**Q** 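Before anything else, here's the structure in question.
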Amino acid sequence: MSVWLVFGAALATVCACALAVASWLWATRLQTAAPGPPTWPLLGNVQHFLKQPVLLEHAADLYKQYGDVFRFYVGPKLVVVVTKPEDVKRVLVTTKWQERDPYFLGTLRKVTGNGLLINSGEVWQRHRKALEPTFHYTALHRYLDTFNKEVCLLSERLAAMGGQESDVLPLMCLSSLRITMCALGGMEYDVVEPDQYQQQQLASEFIGFLKVFQATMFRPWKAINSLMWMSEDGRKLKKIIGMAKDVTNRYLAALRVYNTKLEITSHFSSLLLEEKPEMQEMDDKISDEVVTVAVTATETMAGALAYALSALGLYPEWQVKAQQQLDEVFGEGGDFLRPATLEDIGKLTVIDAIVKETLRLFTVVPFLPRIIDEDIPLAGGRYVAPRGCCVAVASFLTHRDPDLYPEPDKFDPGRFLPGGSATSRKPFSYIPFGAGSRVCLGSSFATLEMKVTLATLLRQFTVVSGSTRKDLEHTLFSITAHPLKGFRLSFRARKEQSL
């Protein structure tokens, strides 16, 4: 009995200490005059996010209720949300080091390690400088063969569906994963994993990671590792981490075997070789960057492409316009399905507008969280975001501001065609890839991949959407935005081109 009394007393002491710490954190929390929902002591606004899954419409509701600048608390953590271009610029464009919020990206760190998305300061600067040549727009011509080859493989898989409706996100993820891994090291992913089923499994796990990420983002107690690993989400996360590490280790090993380590180091611009670290240390850092690029590029590109195809299925008049231009550029007859060139892509103004409008209306990265190291005045000085808080740039709300885009909820690529309303848009009103020093490194790479994919698929198929517009708006609030019900699409062969 005495043992249980001691155990009970110890447990009570631990709980009392935890409560005391939580109370102190709450009492000393950062505060702002920006409006926001009423808070609960210690928990902040967690009650607004208790029901899973949390959807983007929750944030949209707060925006409608409290305006262009609003705040909420996750436990004692203050989050200030901004939407207007002037405030976006103040937050993202600065001469000071910028740090993405470690709380919201803590789960991602467990998977990617200290890759470019996570690290900061001089380490981030060195890594970014090392990676820039790989994704610079002047290097894009090197990837055209990869884009064309992989999209042809994707076309074969879509054709094998026989016109049946299916959620295409897994196939889009697999295609994006194969393209990204090949671009990083100049080596086809089949060398690393020849089993097509295992490739698809890894791509599917990336999709599952979104739900795990969200489940932990609005549960401040899961920031405690011991509680996290005991939960079901923690067990799923361990599985994802194990798969990512295994694939990355085999990827680097395959590069050595095929004598392409020099090539990957060249692509990474002699990553971290200034200090000539030990091989294991260098491999660990390169491994973090490989995982970071693979995970982020796969998720975002797959989602953006699936949104674009879904929008074209819902608004077939724009699909017809794109196909008419494709017929003009690629001609008719046996050469119609030839690989796309940069010259071809440059002529496809309709597809260019479709890509831009998709990234505006269905912003794949809906929030850009930043930790600020100085007080920042917002809304013309009406509010101040205090030093040390998280400021989240809500790009998906900026893109749907009626003051910036007439009829903002309408899918209208015409606004991005020559003479369209968006061609003279306000600075920092269009930020699908972010802005400032931490703007997305692969924006040009991603845009070209989208254009080549759409140009190839729309020459072969007519896309029909089984998802409604409401389905597409029913979106997970996570690091990237995907509809809760997936992307239900069918691909039907176009009529054969006349010879």
Side-chain angles (χ1 to χ4, degrees), residues 143 146-183 188-190 192-211 240 243-244 247 293-314 319 337 339-340 351 354-355 358 362 364 445-446 448-467 471-472 475-476 478 480-494:
Y143 306 122
T146 297
F147 290 162
N148 281 303
K149 180 178 179 179
E150 291 298 334
V151 176
C152 282
L153 181 58
L154 173 63
S155 298
E156 293 173 5
R157 289 174 171 144
L158 294 174
M161 291 165 51
Q164 296 297 310
E165 181 184 303
S166 178
D167 179 8
V168 300
L169 185 59
L171 284 179
M172 295 297 166
C173 272
L174 176 58
S175 180
S176 294
L177 175 63
R178 290 174 59 89
I179 288 173
T180 302
M181 298 299 274
C182 186
E188 291 188 5
Y189 188 45
D190 290 336
V192 182
E193 180 54 79
D195 189 326
Q196 297 294 312
Y197 175 77
Q198 290 299 323
Q199 289 186 22
Q200 187 63 71
Q201 282 294 103
L202 178 61
S204 297
E205 288 297 335
F206 284 172
I207 300 171
F209 173 63
L210 287 179
K211 296 180 180 179
I240 295 168
M243 291 182 70
V247 169
V293 174
V295 171
T296 56
T298 297
E299 287 284 343
T300 54
M301 280 308 308
L305 282 167
Y307 271 122
L309 291 165
S310 297
L312 292 174
L314 288 173
Q319 185 170 178
L337 296 179
I351 283 183
I354 288 169
V355 168
T358 299
F362 303 108
V364 181
F445 180 95
L448 182 60
E449 182 181 339
M450 286 188 71
K451 291 178 181 179
V452 172
T453 301
L454 292 177
T456 303
L457 297 184
L458 293 180
R459 277 182 282 163
Q460 300 181 56
F461 302 106
T462 294
V463 185
V464 179
S465 179
S467 299
D471 290 336
L472 297 185
T475 304
L476 283 171
S478 190
T480 57
H482 290 165
L484 190 61
K485 295 182 180 180
F487 299 93
R488 307 290 304 181
L489 295 173
S490 59
F491 293 80
R492 301 172 186 175
R494 291 182 69 192

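All values reported here derive from a predicted model rather than from experimental measurement.
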**Q** Is Gln460 reaching over with its side chain to a backbone N or O of Ser155, donor-acceptor style, under 3.5 angstrom?
**A** no
**Q** Compare all side-chain heavy atoms of Leu314 with those of Leu472 and state whether any distance is below 4.5 angstrom.
**A**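 Heavy-atom side-chain distance check passes, below 4.5 Å.
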**Q** What distance do Leu177 atom CG and Thr298 atom OG1 have between them, rounded to the nearest 0.5 Å?
**A** 4.5 Å
**Q** Looking at CD of Gln199 and OG of Ser175, how far apart are the two atoms once the value is rounded to the nearest 0.5 Å?
**A** 11.0 Å
**Q** Hey, could you give me the CG/CG distance between Leu484 and Asp471, rounded to the nearest 0.5 Å?
**A**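 Atom-to-atom, Leu484:CG and Asp471:CG are 9.5 Å apart.
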**Q** Any heavy-atom pair between the side chains of Val464 and Glu165 that's under 4.5 Å?
**A** no
**Q** Just verifying a value: how many Å separate Ile351 CD1 and Leu454 CG, rounded to the nearest 0.5 Å?
**A** 5.5 Å
**Q** Do you know which two heavy atoms are closest between Ser467 and Gly486, and how far apart they sit?
**A**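 Taking Ser467 first and Gly486 second, the nearest heavy atoms are OG-O, 3.6 Å.
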**Q** Would you say Ser176 and Glu449 make side-chain contact, with heavy atoms under 4.5 Å?
**A**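 Counting from C-beta outward, Ser176 and Glu449 do come under 4.5 Å.
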**Q** Out of the candidates Leu458, Thr358, Leu457, Thr462, only one should pair with Leu312 under the side chain to side chain contact (heavy atoms under 4.5 Å, CB included) rule; please name it.
**A** Leu458
**Q** Pairing donors with acceptors under 3.5 angstrom, does anything connect the side chains of Arg157 and Gln196?
**A**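 Result is yes, a qualifying pair exists.
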**Q** Within the structure provided, determine whether Leu202 and Gln198 are in side-chain contact (heavy-atom separation under 4.5 Å).
**A** no
**Q** So which atom in Leu309 and which in Val463 form the shortest heavy-atom distance, rounded to 0.1 Å?
**A**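 Closest approach of Leu309 to Val463, heavy atoms only: O-CG1, 3.6 Å.
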**Q** Do Leu489 and Ser310 touch side chain to side chain, with heavy atoms closer than 4.5 Å?
**A** yes
**Q** Is the shortest side-chain heavy-atom distance between Val192 and Met181 below 4.5 Å?
**A**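 The answer is no, as the side chains (C-beta and beyond) never meet within the 4.5 Å cut-off.
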**Q** What pairs with Phe445 under ring-ring contact (aromatic ring centres under 6.0 Å, His included), at least two apart in sequence or on another chain?
**A** Phe135, Tyr143, Phe147
**Q** Would you find a donor on one side and an acceptor on the other, under 3.5 Å apart, between the side chain of Arg178 and the backbone of Leu174?
**A** no
**Q** What is the distance from atom CZ of Arg488 to atom OG of Ser166, rounded to the nearest 0.5 Å?
**A** 5.5 Å
**Q** Strictly below 4.0 Å, N to O, side chains only: are Lys485 and Asp167 in salt-bridge contact?
**A**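 Salt bridge between Lys485 and Asp167, a charged N being under 4.0 Å from a carboxylate O: no.
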**Q** Using every non-hydrogen atom in the two residues, find where Phe487 and Gly303 come nearest and quote the distance to one decimal.
**A** CZ-O, 4.0 Å
**Q** Looking only at heavy atoms, what is the nearest atom pair of Gly163 and Ser490, with distance?
**A** O-CB, 3.3 Å
**Q** Check whether any side-chain heavy atom of Leu171 lies under 4.5 Å from a side-chain heavy atom of Met161, and answer yes or no.
**A**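 Answer yes - side chains close enough.
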**Q** Do the side chains of Leu154 and Met172 get nearer than 4.5 Å, heavy atoms only?
**A**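 Touching, per the 4.5 Å side-chain cut-off.
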**Q** Where does the angle between the aromatic ring planes of Phe461 and Phe491 fall among parallel (under 30°), tilted (30 to 60°) and perpendicular (over 60°)?
**A** perpendicular
**Q** In Å, rounded to the nearest 0.5 Å, how long is the span from CG of Leu158 to CG of Leu153?
**A**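 With rounding to 0.5 Å, CG (Leu158) is 9.5 Å from CG (Leu153).
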